[in-house]
Protein chains: 2
Amino acid sequence: MATLSDVARKAVVSKMTVSRVINHPEQVSAELRQLVYNSMKELNYVPNYAAQALVHNRTQVIKLLILEEMDTTEPYYMNLLAGIAIELDQRHYSLQLVTRSSHTIGRCDGLIVTGMRETDYDHIISHLEQPVILFGENKKGYDYVDVDNKKGMQMVTEHILNHGCQKILFYGIEIDEPFMRSRIEGYEETMKMKQLLPQINLMKNSSHIAQFEAEKVLQKNHERIAFVCASDRLGIGVVHAAQRLGLNIPYDVMVTGFDGVFLDRIAQPKLTTIRQPIVEMGKTCAKLLLDKIDQDGMKQGNRIYKPELIIRNSTTT
Amino acid sequence: MATLSDVARKAVVSKMTVSRVINHPEQVSAELRQLVYNSMKELNYVPNYAAQALVHNRTQVIKLLILEEMDTTEPYYMNLLAGIAIELDQRHYSLQLVTRSSHTIGRCDGLIVTGMRETDYDHIISHLEQPVILFGENKKGYDYVDVDNKKGMQMVTEHILNHGCQKILFYGIEIDEPFMRSRIEGYEETMKMKQLLPQINLMKNSSHIAQFEAEKVLQKNHERIAFVCASDRLGIGVVHAAQRLGLNIPYDVMVTGFDGVFLDRIAQPKLTTIRQPIVEMGKTCAKLLLDKIDQDGMKQGNRIYKPELIIRNSTTT
DNA sequence: GAATTAAATGTAAACGGTTACTATTAATGA
DNA sequence: TCATTAATAGTAACCGTTTACATTTAATTC
């Protein structure tokens, strides 16, 4: 592999001139600049990032901290991982994955953190010295990338109301995190605005449990009913419940999900859902973080993505 | 962040002694060794990997090259990515993701390659100077990690035969890659051994297409029939076809998938499938690659994982 | 007890870049 | 015209670690 010195020797200039051509080309005369460019091309020069990292006291590594207890390999996180990895690659950074079970966090230039519990701020996040971007969380004082959860739930609840169903149940996940509170709010406010009674049920994020719960409800129910769910998993569980009881979706039962990551395309009937552009959001996360690193930790503000309502045949025909 | 020199100063020894305590502790007297350990602990010393990378002419980066055309964010690849990332982390390597759309491959210490077409060997892989491990492929002359695809298909075909169904169709993906050829072989040989006629259908890996194809078949069919599919996606398509035609699974129609990554748990009825332990295989990939790097590119041999037959209610009750 | 060898530590120079400073030349201005 | 400044190129030191070699001290040999 060719080095700066090799390029310099071939162009008969000093290393410094080559370095300048790369970093501040305007400071080099057109003549030498061209010589250096030719030399670089001939030798197929690629900078040694380890050497750069050394002088800049950087690691060129950013870490993705997934603090989720359960399944780290969920499509949700994997899409995020992919989005981040794609963006980092272009800027010569690389990625390390850290989970709750990893014992230390170690050296890196910055972190993207997701899947936190409330206590993690004090226990983990606040001790970090490096720049941090939160993903899918919103916490005052931090930079974060998130989707407008409240808006999403409003959209989906209104969509149901517009299709002539007034009895709407909310199925949510029993965790105390801002994203879930926002989803609940979005549903609740929309219902209250229409003078309707909100009915909120929280449970574990499992399609089995949702199915079990929904079956109990559906057995007693005799009017048209809708379930707006806070995840695609819960939505799929409700779909299964309706199918087992021989009810027609969407005529007897309407169902919606939330996330729009893959699963929803598989379920049959296909789930109306709120899509979060997670890969895109992952890229944004990485961009924000690298900019923050370049700007010495300066606050970057937040990016709130508009959710997208994907209407499919679990609510309409 | 404390450096070697800081540790040395505090312990009143030379940098070299500290370096030796870390790399060849047996060469240092017990007395000094303890001094150095104490000093390291007090200063919370963590080596600067960039500096090590520089002297060793390493990057501490390995790349995952996903050459798949279609959806790079498939759970299959994401599980692989997770497995690799977990293992790398422990050995202070980091990961970069490279797809076909990335323009260059760039510097790294080694690569894990997957999702190749036959022509990629000549066009891409053979030009690489770094150690390479193939994932989910088997090509002579390369080190690879794979699952025994043929065995898997044999297992699943025999499972169907043992449950009293003799009319078995194979639904595969129309790509010319070794893993698909092996799966076809596994089915074909098992059928021939029982004097049964193999019927092989290849199509795009889409649940819609499988559904469409299976509906055509099922409309004309009046005996008990089974579909062994080369992916969970295809399997799910067949399930949908049977459901649309009001046929009972598994009495009228038996269906099996292949991969066992997540999807299969969502479909209802749940799919009998062949599970590949992908996260585990990803870890193994990373281990093999790092060992290969440490051993200067020495051949590591292959790891063929036994597939696991997961029996669920798409074939039995 | 002088010579040889082994063990334990230290010194200096790399690795491939960048930063900070110096030196040269040309352009500008009073 | 001579001093000042701007533009351009070069030199040397440093980032944190390891490698290769040199030095010191202690142990062994004859």
Side-chain angles (χ1 to χ4, degrees), chain A residues 1-40 43-61 91-94 106-109 293-294 296, chain B residues 1-40 43-61 91-94 106-109 293-294 296:
Chain A
M1 270 267 136
T3 70
L4 256 197
S5 309
D6 296 331
V7 175
R9 201 171 312 124
K10 183 157 198 108
V12 202
V13 296
S14 72
K15 303 200 301 186
M16 249 337 279
T17 303
V18 179
S19 175
R20 265 192 283 255
V21 167
I22 294 167
N23 299 302
H24 312 279
E26 75 286 355
Q27 291 178 12
V28 177
S29 66
E31 194 187 10
L32 285 193
R33 206 188 308 154
Q34 196 51 51
L35 268 175
V36 170
Y37 280 138
N38 293 340
S39 175
M40 289 202 299
L43 294 173
N44 202 358
Y45 172 74
V46 180
N48 182 321
Y49 302 114
Q52 292 181 328
L54 182 58
V55 279
H56 290 139
N57 195 24
R58 293 251 194 89
T59 60
Q60 299 295 117
V61 169
R91 293 178 56 178
H92 308 302
Y93 272 80
S94 58
R107 277 183 204 255
C108 64
D109 294 343
I293 290 168
D294 286 344
D296 205 35
Chain B
M1 271 266 135
T3 71
L4 258 197
S5 309
D6 296 332
V7 175
R9 202 170 311 125
K10 184 159 198 106
V12 201
V13 297
S14 72
K15 305 199 300 187
M16 252 335 282
T17 303
V18 180
S19 175
R20 264 194 282 256
V21 168
I22 295 167
N23 299 301
H24 311 280
E26 76 285 358
Q27 292 179 13
V28 177
S29 66
E31 192 186 10
L32 285 194
R33 208 187 310 154
Q34 196 52 52
L35 267 176
V36 170
Y37 280 138
N38 293 341
S39 176
M40 290 204 297
L43 294 173
N44 202 358
Y45 173 74
V46 180
N48 182 322
Y49 301 114
Q52 292 181 329
L54 182 59
V55 278
H56 289 136
N57 197 23
R58 293 251 192 92
T59 60
Q60 297 296 115
V61 169
R91 293 178 57 178
H92 308 302
Y93 273 80
S94 58
R107 278 181 201 257
C108 64
D109 294 344
I293 290 168
D294 286 345
D296 206 34

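So you know, we letter chains A, B, ... as the sequences are listed, proteins then strands, and number each from 1.
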Select from Val28(A) and Lys15(A) the residue whose nearest nucleotide in DNA chain D is closer to the 5' end of that strand.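 Result: Val28(A).
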
At less than 4.0 Å, is any side-chain N or O atom of [X] found next to OP1 or OP2 of [N]? Yes or no.
X	N	value
Tyr49(B)	dT18(D)	no
Thr3(A)	dG16(C)	no
Asn48(A)	dC15(C)	no
Ser29(B)	dT9(C)	yes
Ser14(B)	dT9(C)	no
Thr17(A)	dG10(D)	yes
Gln52(B)	dT18(D)	yes
His56(B)	dT19(D)	yes

Candidate nucleotides dT18(D), dG10(C), dT18(C), ranked by approach to the side chain of Asn23(B) - the nearest: dT18(D)

When the distance from NE2 of His92(B) to P of dT17(D) is rounded to whole Å, what number comes out? 13 Å

Quick one: Asp6(A) CG to dC15(C) P, roughly how many Å, whole number?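 One finds 10 Å between P of dC15(C) and CG of Asp6(A), rounded.
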
As an exercise, state the distance from OG1 of Thr59(A) to CD1 of Ile293(A), rounded to the nearest 0.5 Å. 7.5 Å

Counting C-beta onward and ignoring hydrogens, is there a side-chain heavy-atom pair between [X] and [Y] closer than 4.5 Å?
X	Y	value
Val36(A)	Val28(A)	no
Met1(B)	Arg107(A)	yes
Val61(B)	Gln60(A)	no

